[in-house]
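By convention in this document, chain letters (A, B, ...) are assigned in the order of the sequence lines, proteins followed by strands, and residues within each chain are numbered from 1.
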Amino acid sequence: MPFKRPAPTPTQSNSGSESPSGSKCSSESSSPPPAKRPKMTKLLPEISVYLVQAKLDAPAIAELLTLGERHTKGVCKDAAHADVIITAISMRRRLERHVPWNIATSKAVVTPQWLRESIAHGSALPCGDYVAIEDLHDSTVQNCPDCKCKPCACSDSSTGFSSTSSPRRSAQGQDHLTSPTTSPTTTSNKPAPIPIPANLLPPDPPNVTNLAKLSYTSRYACQRASPLVCPNQDLVRELDIIRQSRALEGEERSALSYARAISAIKAYPEKIRSLKQVQKVPYIGVKISSLVEEFLDSGQISEAQKIKSSERFQTLSLFTSVYGIGPTAARRLAALGLRSLDDLEIYYGVERGAVEQNSQIVEVEEKPRQSGWKGRDKGRGKDDADGLGDSWIRVALGLREDLSKKIPRDEVEEMGRVVMRELDALEPGCVSTIVGGYRRGKPESNDVDIVFTHPDAGKVKGLCKRLVRRLHERGMVTHVMHLSGFHGHDPLRTTHWDSLEKSLTVFVLPPSSPLHAGVPVRRRLDLIFAPPEVYWTAVIGWCVPYPFVLCEIGERADGRGGQERVDHVPA
DNA sequence: TGGCAATACTG
DNA sequence: CAGTAT
DNA sequence: GCCA
């Protein structure tokens, strides 16, 4: 395996965070949206589901998980806790590999269509019509939570509207989704539908990955299939705490080892029950192996527990959650005795209005920075003596809360549309793909990464800056953390990788957007501009999660060589 | 035992 | 150059 | 911390 090519690397994006908390059946994942905004009423509030991911492709899994989270009581991590098991498997033998038979017989086991149509219908449909496995017909009918649990469409329906009637967005319960994660959005609106060159469109028909060839034993992540939600999530969560701790304490090498091991475990297709199983997983050596052993015995890892409960870890984690504060600064701040965000605000001299505590909505609209629109002060070299007086950290402190919120796919897509609309006005004919975690099928993202190009290579240069300027003028980009210029490197040996322009910004949906509600949450938005020749390579590169190992990305000139791999990138 | 991806940008 | 970010 |  060739890796280690001297060349250019796409940098990746997307932090590999975990889906957070979660005990049994989580819905809506972590951050309990204070029900302030899109007050979505669940259509199947009494039913919890379990999704067997086998035989489903990433987009379908994402779709079903999203539906499950949004409209059921919760998506269970364990079939035993669910009321309904959803699977595309039709053979008993195969199902037994994922769900113990005695469990399966005590539930309703149905096809994905049951979920889709029940939601479209507004309440649970008879499971008997969606039996996934013949042998389970009777038990499925018997265990179906049907209508009996829900007083179908009653008084309460005032708040309840069917998702299908939702004003914006049309695509929701579509069956043959056109791989929502893939289709590049074009800027073609009504007037001049500029044709997009075929080499910038996704392959049609889409490439299909032979999952059988992807084994978890592969050393390279790009050769492993990986479920969106791994069966060993609890174990992974424990190990990740140790990983984080190592990183926070500056033991990067160790952290890297944990990261690789975790990535490998995530690719392991079934629940790990014995040490023997783990030993086969790459990047699991003596130490981690012993940790896993402890986990198998006790369901937890004492070292992780200890770390998690330590004040040290909590403080460092909190501090690094501020954009711009990394492990080193966090340790230094902690060493100064600081412990809380309040401490940081005081330390960095945030003006604390009297209001602050009570009225949350203090209309803290960011004032445009005086020195141009690049939102950052320079000037003020006084308190910089200790290297920390960064006034910029104050801004980050204000952004922290918003930026820590996850972004639902709906909103990711809306952001993509909005940005595309602006770009279209600026330079018609552009093509884009939303990459990062979104493209990997994650139901929620930490940020939004979009890769752009234009069929005419000449039109790309400088576009990034222009787009950011426009977005900023229109109030959508509130901050620019970073704007990379166009380096006209020597046109020779340098591949076109370094000619990427990118900008890391903070974005907020405009009032005109259907998803704009009250005070919209500010989001991290990364814009990447690539010349057409490397467009797909860039797309791939930005979809590979950390820790990544490069593997023949870009082997084909048009970058489509990687297309087939990217649809099953590990999460 | 050496090495772990590689770079861009800021202060 | 160190630190943070992707 | 794991691999070559």
Subject >> Side chain to side chain, A:Val539 and A:Arg439, heavy atoms closer than 4.5 Å >> reply: yes
**OP:** Starting at atom CG of A:Leu256, determine the distance to atom P of D:dA4, rounded to an integer number of angstrom.
**Re:** 14 Å
**OP:** Look at A:Arg237 together with A:Asp234 and state whether they make a salt bridge at an N to O cut-off of under 4.0 Å.
**Re:** yes
Original post:
Using the ring of each side chain (for Trp, its six-membered ring), is A:Tyr268 parallel, tilted or perpendicular to A:Tyr216, with breaks at 30° and 60°?
Top reply: perpendicular
Subject >> Distance between C1' atoms of B:dG3 and C:dT6 (Å, rounded) >> reply: 22 Å
**OP:** Quick one: which residue pairs count as a side-chain hydrogen bond (donor to acceptor under 3.5 Å, both in side chains) with a foot in residues 296-307 of chain A, not counting sequence neighbours?
**Re:** A:Glu238-A:Gln305, A:Arg246-A:Glu303, A:Glu294-A:Ser302
Subject >> Nucleotide nearest A:Pro327 (side chain, heavy atoms from C-beta), chosen from D:dC3, D:dG1, C:dT4 >> reply: C:dT4
Original post:
Between atom NE2 in A:His482 and atom C1' in C:dT6, what is the gap in whole Å?
Top reply: 9 Å
Subject >> Candidates B:dC4, C:dT4, B:dC9 - which lies nearest the side chain of A:Ala329 >> reply: C:dT4
Original post:
In residues 290-324 of chain A, which ones come under 4.0 Å of DNA chain C, going by heavy atoms?
Top reply: A:Val322, A:Tyr323, A:Gly324
Original post:
Counting any heavy atom closer than 4.0 Å, what does A:Arg331 reach on the DNA or RNA strands: base, sugar-phosphate only, or nothing?
Top reply: nothing
**OP:** Return the value, rounded to whole Å, for the distance between atom CG of A:Leu483 and atom C1' of B:dA8.
**Re:** 12 Å
Original post:
Atom CG of A:Leu504 to atom P of B:dT10: distance rounded to whole Å?
Top reply: 10 Å
Original post:
Between A:Arg219 and D:dC2, does any side-chain N or O lie under 4.0 Å from OP1 or OP2?
Top reply: no
Original post:
B:dA5 phosphate, OP1 or OP2: any side-chain N/O from A:Arg260 under 4.0 angstrom?
Top reply: yes
Original post:
Under 4.0 Å: is that the gap between some side-chain N or O of A:Ser257 and OP1 or OP2 of B:dC4?
Top reply: no
Subject >> P gap between D:dC3 and B:dA5, integer Å >> reply: 14 Å
**OP:** Could you tell me whether the side chain of A:Ser289 and the main chain of A:Ile284 form a donor-acceptor pair under 3.5 Å?
**Re:** no
**OP:** Would you please name every residue forming a side chain to side chain donor-acceptor pair (under 3.5 Å) with A:Ser513, sequence neighbours left out?
**Re:** A:Glu414
**OP:** In whole angstrom, give the distance that lies between atom CG of A:Leu527 and atom C1' of B:dA8.
**Re:** 16 Å
Subject >> salt bridge (Lys or Arg N to Asp or Glu O under 4.0 Å) between A:Glu501 and A:Lys465, worked out >> reply: CA-CA 8 Å; A:Glu501 294 177 17; A:Lys465 212 173 224 177; over 6 Å; no
Subject >> Spacing of A:Lys465 atom NZ relative to B:dC9 atom P, expressed in whole Å >> reply: 10 Å
**OP:** Measure from CD1 on A:Ile325 to C1' on B:dG11 and round the result to the nearest Å.
**Re:** 15 Å
Original post:
Rounding to a whole Å, what distance do you find between A:Tyr546:OH and B:dT7:P?
Top reply: 15 Å
**OP:** Please determine, for the side chain of A:Arg253, which listed nucleotide (B:dA8, C:dT4, B:dC4) has the closest atom?
**Re:** B:dC4
